[in-house]
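Notes follow the structure.
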There are 2 protein chains.
Amino acid sequence: MRAVSTSRPDQQRQQDQLQDRRRRPARDDVRRALLDAAARVFARQGIDGASLDDVAADAGFTKGAVYSNFGSKEGLVAALAEDRTSAYLDLGLEAVDDLDDTLAVRAQVLGDRLTAAGDEQRDWHLLFFELWQRAVRSDDPDGAFRDRRAALHAAVTAAMEEQSTKAGAALPMPASELATLLMALSNGLAMERMIAPEDVPDDLMGRVLALVVGHGPAAGPTDAQ
Amino acid sequence: MRAVSTSRPDQQRQQDQLQDRRRRPARDDVRRALLDAAARVFARQGIDGASLDDVAADAGFTKGAVYSNFGSKEGLVAALAEDRTSAYLDLGLEAVDDLDDTLAVRAQVLGDRLTAAGDEQRDWHLLFFELWQRAVRSDDPDGAFRDRRAALHAAVTAAMEEQSTKAGAALPMPASELATLLMALSNGLAMERMIAPEDVPDDLMGRVLALVVGHGPAAGPTDAQ
DNA sequence: GTCAGTCGATACTCAACAGTATCCGATACG
DNA sequence: CGTATCGGATACTGTTGAGTATCGACTGAC
């Protein structure tokens, strides 16, 4: 059962890992492994800076597997964007959900969670910025990335409205603008934190969000009128 | 896209433009032209995606000029970072300077200016993000980009403190954190605006800044209601 | 057990590009 | 003028990497 790897080629090592020895891995597993490897390698070296050989080798396969599964490098990138942007959306929503407190406290907690998530997923965040760049450069308005971002924005907006209603407190600006602000702040602070961690305290984002949200036109935290 | 030019090689066209025909352009002019072309081409195609031939051709020269002036592609990128990051710093400081009003109003104006600047300099902003990426990936703590960013942060912090003193109003958080916040917000909102302009109203940044700054612990101006 | 189809490995092609060596003409200086 | 130097053009090299053609082994169906 031990994965003896003395001098046998990569694809056999991979097969040992994924299933029993000499068994061909299921297609979905290969796909997954390649996508995960692509996320790692692209994040570290940049999409343009990484070759398909690099990606495939990291997954324990060869380029052939990539072409068989994704058709081209561009196809791999598109699949990756699809795959990982969904994960991002889920993470954001999860952070907003099932909180039960005043708006300001919720905002604080949300900020802390997003900051922590950004730290843990530094690599993925780098990849995210690169996908964003590609989407902006290719002014195709129907890219997967744009769609996903729009969905995230809509979901966050809805969550904001819901939270505001539940808390019975008005928001300081339209929910949709707050959603934009949240996303911008999350990305912007993550950037600053990556390049100069000492300038971005752990709780900064939470404090700012609490400040903004707690300053509603109809109901601040202390002056409920 | 050939202009009216018939068949004369590029370097002669360039010489015609910069000085009289057949006159060799001054070294500094060549350098400038190459840097400007690099900013344009890199912003549009990405640094990795653009070849030195592309850059040189855009400036009306050939690759030889690049190697003669910058030694390597990496050298060109470094010089570009040096050149353009200074410009960015100046723009930020200029936007903060010579304002004379309440803190909140100043914040509002500052936000508007930064937003407008981001719109006008979309290309440069894209390049900026790519330089940021490179700086983050190469964890060399002494890169020109990091240094420049640190200088900008320090300058903005100082400006914040000065403004706060002049206005006689306390800030809602340390000036240094406000500086971080300002930079993050500027970058983050610029990103959102590039990919989804309709989600980011012109005055959003100004309003948020005013909201934050107007909510000082010791002196909110009138407390918005 | 046999056979067809599939999937990934392997070995290529071909183009693009960073970098280099050399050349040539304009400028600067005697 | 004549000559040396300098800076950019031109032609070349080597390498890298995307994409392709083919091959062989595993799988699943009967």
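Remember, predicted model here, so these are calculated numbers, not experimental data.
- When heavy atoms are screened at a 4.0 angstrom cut-off, A56(A) is found touching no nucleic acid atom at all.
- Considering only the side chain of A65(B), dG8(D) comes nearest among dA9(C), dG19(C), dG8(D).
- Summarising the geometry, the separation between CZ on F61(B) and P on dC6(D) is reported as 19 Å, rounded to the nearest angstrom.
- The side chain of Y67(A) has dA18(D) as its nearest neighbour among dT20(C), dG8(C), dA18(D).
- Looking at R207(B) and Q108(B), their side chains never bring a donor and an acceptor atom within 3.5 Å of each other.
- One interatomic measurement links the two molecules: CG of D54(A) to C1' of dA18(D), which rounds to 13 Å at whole-angstrom precision.
- As rounded to whole Å, 7 Å separates atom P of dA18(C) from atom CG of D53(B).
- Of the possible polar contacts, none joining the D83(A) side chain to the A79(A) backbone as a donor-acceptor pair under 3.5 Å is found.
- Taking the side chain of V30(B) as heavy atoms from C-beta on, and the options dG19(D), dG8(C), dG8(D), the nearest nucleotide is dG8(D).
- Rounded to whole angstrom, the span from the CG atom of L52(B) across to the P atom of dG19(C) amounts to 7 Å.
- Nucleotides of DNA chain D nearest to G49(A) and S68(B) differ in position, and the one nearer the 5' end is that of S68(B).
- When the P atom of dA21(D) is taken as reference, atom NZ of K63(A) falls 13 Å away, rounded to whole Å.
- Closest non-hydrogen pair, R146(B) versus A135(B), comes out as NH1-O, 2.8 Å.
- Closest to the side chain of S51(B), out of dG19(C), dC17(C), dG19(D), is dC17(C).
- Looking at T180(A), its side chain does come within 3.5 Å of a backbone N or O of D199(B) through a donor-acceptor pair.
- Rounded to whole angstrom, the span from the CG atom of D48(A) across to the P atom of dC17(C) amounts to 11 Å.
- Of the listed nucleotides (dT20(C), dG8(C), dA9(D)), dG8(C) has the atom at the smallest distance from the side chain of N69(A).
- The closest donor-acceptor contact from the side chain of D54(A) to the backbone of S51(A) lies under 3.5 Å.
- We find that CZ of F70(A) is positioned 16 Å from C1' of dG19(D), with the value rounded to whole Å.
- The distance between atom CD1 of I47(A) and atom C1' of dG17(D), rounded to the nearest whole Å, is 16 Å.
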